[in-house]
Protein chains: 2
Amino acid sequence: MDTPLREPTFLILTALATEPMHGYGLIGEVAALSDGRVALRPGTLYGALDRLVDAGLVDVEREEVVDGRLRRYYRLTPAGEATLSSETDRLRRNVEAATARLRERATGATAPRLAGGLA
Amino acid sequence: MDTPLREPTFLILTALATEPMHGYGLIGEVAALSDGRVALRPGTLYGALDRLVDAGLVDVEREEVVDGRLRRYYRLTPAGEATLSSETDRLRRNVEAATARLRERATGATAPRLAGGLA
DNA sequence: CGGCCTTGTAACGCCCCCCGATATACCTTC
DNA sequence: GAAGGTATATCGGGGGGCGTTACAAGGCCG
C-alpha cells in the first residue's frame, strides 16, 4: 500500500486513532468526523478494513457478542499510526500549496514562483 | 464530479491556479509542487486533463505551435477554481481532525470528544 | 407476532490512475 | 545530410479502491 490513502480509508484510520471501535460504530464516527459528508456503507467499510488489516495498519483487538450480534473491535497499529501521520503531512503540504496559489490568484498577483523554474 | 479529487488531479488544478500552462509543462510543475513525489506520466496527465475539460473545471486557452510541436495551453475555469477551493477546505478539515487525534494520542489523553465514548 | 434495528458478509461494476508503446517534427551530432 | 534524441500529444490495457445492492441472523418494540 504505497498508494496515497483515499478519503474513506484516511477517515477510518483517523477515527481509530482515539480508541478501538467496532466496524458498524465506525460508520457513525466517520460521519461525525466529516460533518456528515462521508456516509460509509457496509461494503465500503468492511472492504477497507480488510485491506487495512492485510496491510498491517489496523488489527483486531477483540471480538464480543452483544445481543447475539458479533462486534469486532479494530485498533490502530503502530504502523497505522505512522502511515496516518505521514499521510496527514502529505495532505497538509498539498493544502498549503493550493491555499497559497488561490490566495495569490485572489489578490491578482502575477508573479509565479515555481513555474517552469527547475528542469 | 462529486467524487473527491485524487492527488494527481488536485495538483494539476493547483498548478493551473497561477497561470495557464501546456500539458507537458504541467509534468514539471506538478513535480515541483510535490517536491518530486508525484511524477506524472503522459498517459496519466492527458487522461486527467480530458476528464477535467469534460467536467468544465479546465478549458483550453489557446494552442500554439513552437518548433513544429503543438502546445495546448490549459486554464482553470471559474468552476475549477471553486472546486479547487472547496476541495482544499475539505482536505484541511481532514488534516485538522487527524492532527488533533494524533496529538491527543501522543499525549496519552484518554478523553475522546466525538467518539461514542459512553459505550 | 411482525417488522425494524444492529452488525457483518458477499458479489459486481465503475472510474481513475498507472504504464508502456506510438506518432511527429525539430535539434543536435558526427 | 543521415541518425538519434527531445519535446509534445495520443492510444489502449490493466488493476485496485470505492460504491452499491442484496442478504443473513438475532434482539427489541409496537
Side-chain angles (χ1 to χ4, degrees), chain A residues 1-13 15 20-31 34 36-55 57-58 60-74 83 87 90 94 116 118-119, chain B residues 1-13 15 20-31 34 37-55 57-58 60-74 83 87 90 94 116 119:
Chain A
M1 174 168 307
D2 51 350
T3 344
L5 299 178
R6 310 272 263 306
E7 186 170 39
T9 308
F10 182 85
L11 291 176
I12 289 170
L13 291 187
M21 300 193 63
H22 61 100
Y24 202 83
L26 279 168
I27 293 178
E29 184 69 7
V30 166
S34 64
R37 261 186 12 262
V38 178
L40 295 180
R41 306 286 216 82
T44 303
L45 172 68
Y46 292 105
L49 284 173
D50 287 347
R51 286 189 294 273
L52 288 171
V53 169
D54 282 349
L57 305 186
V58 151
V60 176
E61 185 207 27
R62 72 185 192 279
E63 296 181 342
E64 61 182 34
V65 176
V66 176
D67 287 343
R69 286 173 233 115
L70 176 65
R71 280 186 180 173
R72 188 171 299 141
Y73 281 81
Y74 294 91
T83 297
E87 280 293 297
R90 178 178 67 78
N94 288 349
L118 50 118
Chain B
M1 173 164 309
D2 51 351
T3 339
L5 300 179
R6 310 275 205 59
E7 185 170 39
T9 309
F10 182 85
L11 291 176
I12 289 170
L13 291 187
M21 302 192 63
H22 61 100
Y24 205 84
L26 277 168
I27 292 179
E29 184 69 7
V30 165
S34 63
R37 262 187 10 262
V38 178
L40 294 179
R41 306 291 213 81
T44 304
L45 173 68
Y46 292 105
L49 283 172
D50 287 347
R51 285 188 296 270
L52 288 171
V53 169
D54 282 350
L57 304 186
V58 151
V60 177
E61 184 206 27
R62 71 185 191 278
E63 296 180 344
E64 62 183 34
V65 175
V66 176
D67 288 343
R69 285 175 232 112
L70 176 64
R71 279 188 180 171
R72 189 171 297 142
Y73 282 80
Y74 294 91
T83 297
E87 281 291 297
R90 179 179 64 79
N94 289 349

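In the text below, chain A, chain B and the rest are named by the order of the sequence lines, each starting its count at 1.
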Task: Nucleotide of D:dA9, D:dG17, C:dT9 approaching A:R6 most closely (side-chain heavy atoms) - done: D:dG17
TODO: Mind calculating the distance between CG (B:L40) and P (D:dT10) to the nearest angstrom?
DONE: 16 Å
TODO: Using the salt bridge (Lys or Arg N to Asp or Glu O under 4.0 Å) rule, collect all pairs that involve residues 36-46 of chain A, keeping only residues at least two apart or in two chains.
DONE: A:E7-A:R37
Open item on the list: Whole angstroms only, please: what is the CG-P distance between B:L49 and D:dT8?
Closed with: 14 Å
- [ ] Name the closest nucleotide to the A:P8 side chain, picking from D:dA9, D:dG19, C:dG8.
- [x] D:dG19
Open item on the list: Starting the side chain at C-beta, find the nucleotide from D:dT8, C:dC17, C:dG8 nearest to B:H22.
Closed with: D:dT8
Task: Rounded distance in Å - CG (B:L11) to P (C:dC16) - done: 17 Å
Open item on the list: Given 3.5 Å as the limit, does a donor-acceptor pair link the side chain of A:E87 with the main chain of A:L5, or not?
Closed with: yes
- [ ] Rounded to the nearest angstrom, tell me the gap between atom CG in A:D50 and atom P in D:dC18.
- [x] 12 Å
Task: Nearest listed nucleotide, side chain of B:R41, among C:dC19, D:dC18, D:dT21 - done: C:dC19
Task: Pairwise 5' ranking along DNA chain C for A:P4 and A:Y74, keeping only the more 5' one - done: A:Y74
Please report, to 0.1 Å, the donor-acceptor pairs under 3.5 Å made by any side chain of residues 61-68 of chain A, with sequence neighbours excluded.
residue: A:E63; atom: OE2; partner: A:R72; partner atom: NE; Å: 2.7
residue: A:E64; atom: OE2; partner: A:Y73; partner atom: OH; Å: 3.4

TODO: Mind checking the CG-CG spacing from B:L49 to B:L26? Nearest 0.5 Å is all I need.
DONE: 6.0 Å
Task: Atom-pair distance (CD on A:E7; C1' on C:dC17), nearest Å - done: 18 Å
Open item on the list: Tell me whether the side-chain N/O atoms of A:T44 come closer than 4.0 Å to OP1 or OP2 in D:dG19.
Closed with: yes
Task: side-chain N/O B:R72 vs D:dA7 OP1/OP2, d < 4.0 Å - done: no
TODO: Between D:dT8, C:dG8, D:dC18, spot the one nearest the side chain of B:R71, thanks.
DONE: D:dT8
Task: Residue of the set A:T83, A:D50, A:L13, A:T9 for which side chain to side chain contact (heavy atoms under 4.5 Å, CB included) holds with A:V58 - done: A:L13
Task: Between C:dC4 (C1') and A:Y24 (OH): distance, integer Å - done: 11 Å
Polar-atom pairs under 3.5 Å, protein N or O versus N or O of nucleotides 27-29 of chain C: list them with distances, or write none.
residue: C:dC27; atom: OP1; partner: B:D67; partner atom: OD1; Å: 3.3

Open item on the list: Whole angstroms only, please: what is the CG-P distance between A:L13 and D:dG17?
Closed with: 13 Å
Open item on the list: Using whole Å, what does the distance between atom P of nucleotide C:dC14 and atom CG of B:D54 come to?
Closed with: 18 Å
Open item on the list: At 4.0 Å (heavy atoms only), tell me whether A:G23 reaches a base, stays on the sugar-phosphate, or touches nothing.
Closed with: sugar-phosphate
Task: Closest to the A:T9 side chain, choosing from D:dG17, C:dC17, C:dG8 - done: D:dG17
Open item on the list: Any heavy-atom pair between the side chains of B:P8 and B:V30 that's under 4.5 Å?
Closed with: no
- [ ] From the options C:dT9, C:dC17, D:dT10, select the nucleotide whose nearest atom is closest to the side chain of A:Y46.
- [x] C:dT9
Task: Position toward the 5' end of DNA chain D (nearest nucleotide), B:V66 or A:L45 - done: B:V66
TODO: First locate atom NE2 of A:H22, then atom CG of A:L70, and finally report the distance between them rounded to the nearest 0.5 Å.
DONE: 10.5 Å
TODO: With sequence neighbours excluded, tell me which residues meet side-chain contact (heavy atoms from CB on, under 4.5 Å) with B:I27.
DONE: B:Y24, B:L40, B:L45
